[in-house]
There are 2 protein chains.
Amino acid sequence: MKLSKKSDYALRAMIFLSLNYKKGAVQIKEISTKERIPQKFLENILLTLRKVGVLNSKMGLKGGYELARSPDLITLGEVIRALDGAIAPVDCVSMISYKPCSEEVTCVIRDVMMDVRNAITGVLDTMTFADMCKRAVESLEKKGNEALTYSI
Amino acid sequence: MKLSKKSDYALRAMIFLSLNYKKGAVQIKEISTKERIPQKFLENILLTLRKVGVLNSKMGLKGGYELARSPDLITLGEVIRALDGAIAPVDCVSMISYKPCSEEVTCVIRDVMMDVRNAITGVLDTMTFADMCKRAVESLEKKGNEALTYSI
DNA sequence: ACATATTCTACCATTTTGGTAGACATTTAA
DNA sequence: TTAAATGTCTACCAAAATGGTAGAATATGT
C-alpha cells in the first residue's frame with residue numbers, strides 16, 4: 001500500500017507549481033533544488049505529467065513548466081494515477097486497469113477491496129492542489145515567523 | 001497501492017480456515033489445492049501467520065493449521081500487516097514502521113496521507129473474518145443452487 | 001551563433017515479489 | 001518401532017518494479 005517515490009516527488013512538484021500558478025513558467029532546476037528532488041528523475045516525472053495534460057511546458061531559454069489548468073481542477077488522484085497507475089489494491093476493482101478475477105460474482109475479497117478503493121479515492125479524488133496550497137499556507141501561519149521555509 | 005499476492009493468498013487461506021473453525025486442523029495441501037495456491041508458497045505464509053499468533057499448528061500425521069482465536073477477533077488488517085508490513089502509504093504516518101519525514105510539523109502531504117491511511121484502516125481494521133464468512137455464505141445463497149463452489 | 005531549456009532514448013543497480021528445493025523435526029497408526 | 005505423513009527451517013532463484021543516470025537531440029530567446 002505504498003506511495004512510490006515518483007508519486008511523492010510528483011505531488012511536491014505539483015504543489016510547488018500550484019503555489020506559483022499564473023506567475024509564468026518554472027524551471028526544472030528550480031523545483032529540483034528547492035524541493036531536493038534528483039533533477040534527472042524529476043525530468044521524467046514532469047514529462048509524464050505533461051503528456052497526461054496536467055502540465056504545459058515551454059522549451060528553450062526562459063522555458064519551464066506550469067499548470068495546464070487551475071489548481072482547483074487538478075486532484076491528487078489524477079497525478080498519482082499518472083505515475084503509479086491504478087490506485088485500486090486489486091485489478092478486479094480498478095477503473096483504469098480492470099481485469100476480472102476468477103469468480104467475480106461471488107468473490108468476497110473483491111467486495112472488501114472495492115470498499116478500500118472507494119475509501120482511498122474518496123480522499124485522493126476529492127483533494128485538489130488548491131486545497132493543498134491552502135493547507136500549506138495555514139500550516140505556515142500557525143508556525144509563526146520563525147518558519148522561513150516549509151516542506152511541501 | 002497494491003495488495004501483494006502474498007496477502008491475497010493469506011486472506012483466502014484465512015477465510016477458508018474461518019469457514020472450518022472448530023472443525024479441527026486443516027492441512028496445507030487441502031487449502032492449497034482447493035484455493036489454487038502454490039503449496040510451498042502457502043507454507044511460508046501460514047508459518048508467518050502462526051508466528052504472529054493468528055494461527056495454531058499441529059505437526060506430524062493428522063497435523064495442520066487452525067485459527068488461534070475466534071474469526072470475529074481477527075481483522076483483515078492484522079493479516080495484511082503480518083505479510084506486507086505497514087498499511088500506511090508513507091512511513092511518516094505509519095503506526096508499525098514510523099519514521100519522521102524531513103519537515104513533519106508543516107508537511108501537507110503528510111496530512112493527506114494520514115487521511116488516506118485512516119480511510120484504509122477504517123475498512124481493514126474493522127472487517128473481521130467472521131464478517132467475511134457471513135458475506136461468503138450470503139453471496140452463495142443469492143447465487144442459488146447452481147453454485148456448488150465459490151471463490152473466496 | 002550561442003547559451004539555456006526541455007525532450008527523447010537508453011541504460012543500470014538495487015530491492016521487492018513470487019516463488020522453489022531440500023533437509024529436518026514431529027506425530028500417528030500399523 | 002518403524003514408515004508415512006505432516007509442519008519447520010534455511011537457502012536459493014528468476015523476473016519485475018523501483019529509483020535512478022547518461023547523453024544526444026531539439027527548440028527558443030537574445
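Below, chains carry the letters A, B, ... as their sequence lines are ordered, and counting in each starts from 1. All values reported here derive from a predicted model rather than from experimental measurement.
- Residue A:Lys2 is classed as having no contact, given no heavy-atom separation below 4.0 Å to the nucleic acid.
- Using a 4.5 Å cut-off between side-chain heavy atoms of Ile, Leu, Val, Met, Phe, Trp and Tyr, with links allowed through other members, A:Leu83 and A:Val52 fall into the same hydrophobic cluster.
- Between the side chains of A:Asp91 and A:Ser94, not a single donor N or O lies within less than 3.5 Å of an accepting N or O.
- Rounded to an integer number of Å, the gap from A:Asn44 CG to D:dT18 C1' is 13 Å.
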Check your understanding: Does the pair A:Arg117 and A:Met113 meet the rule for a side chain to side chain contact (heavy atoms under 4.5 Å, CB included), with working shown?
Key -> CA-CA 6 Å; A:Arg117 190 211 62 184; A:Met113 287 306 150; over 6 Å; no
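- In this structure, A:Lys5 atom NZ and C:dT15 atom C1' are separated by 14 Å, rounded to whole Å.
- Considering only side-chain N and O atoms, B:Tyr9 lies nowhere under 4.0 angstrom from the phosphate OP1 or OP2 of C:dG18.
- Here the P atom of nucleotide C:dC11 and the CZ atom of A:Phe41 are 19 Å apart, to the nearest Å.
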N/O to N/O distances under 3.5 Å, protein versus nucleotides 5-7 of chain C:
from	atom 1	to	atom 2	distance (Å)
C:dA5	OP1	A:Gln27	OE1	3.2
C:dA5	O5'	A:Gln27	OE1	3.3
C:dA5	O4'	A:Gly60	O	2.9
C:dT6	OP1	A:Ile28	N	3.0
C:dT7	OP1	A:Arg50	NH1	2.9
C:dT7	OP1	A:Ser57	OG	2.6
C:dT7	OP2	A:Tyr65	OH	2.1

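- Using a 4.5 Å cut-off on side-chain heavy atoms (C-beta onward), A:Arg12 and B:Cys107 make contact.
- The pair A:Arg81-A:Asp125 meets the salt-bridge criterion, with a side-chain N (NZ, NE, NH1 or NH2) lying under 4.0 Å from an Asp/Glu carboxylate O.
- Between A:Arg135 and A:Glu138 there is no salt bridge, since no side-chain N of the basic residue sits under 4.0 Å from a carboxylate O of the acidic one.
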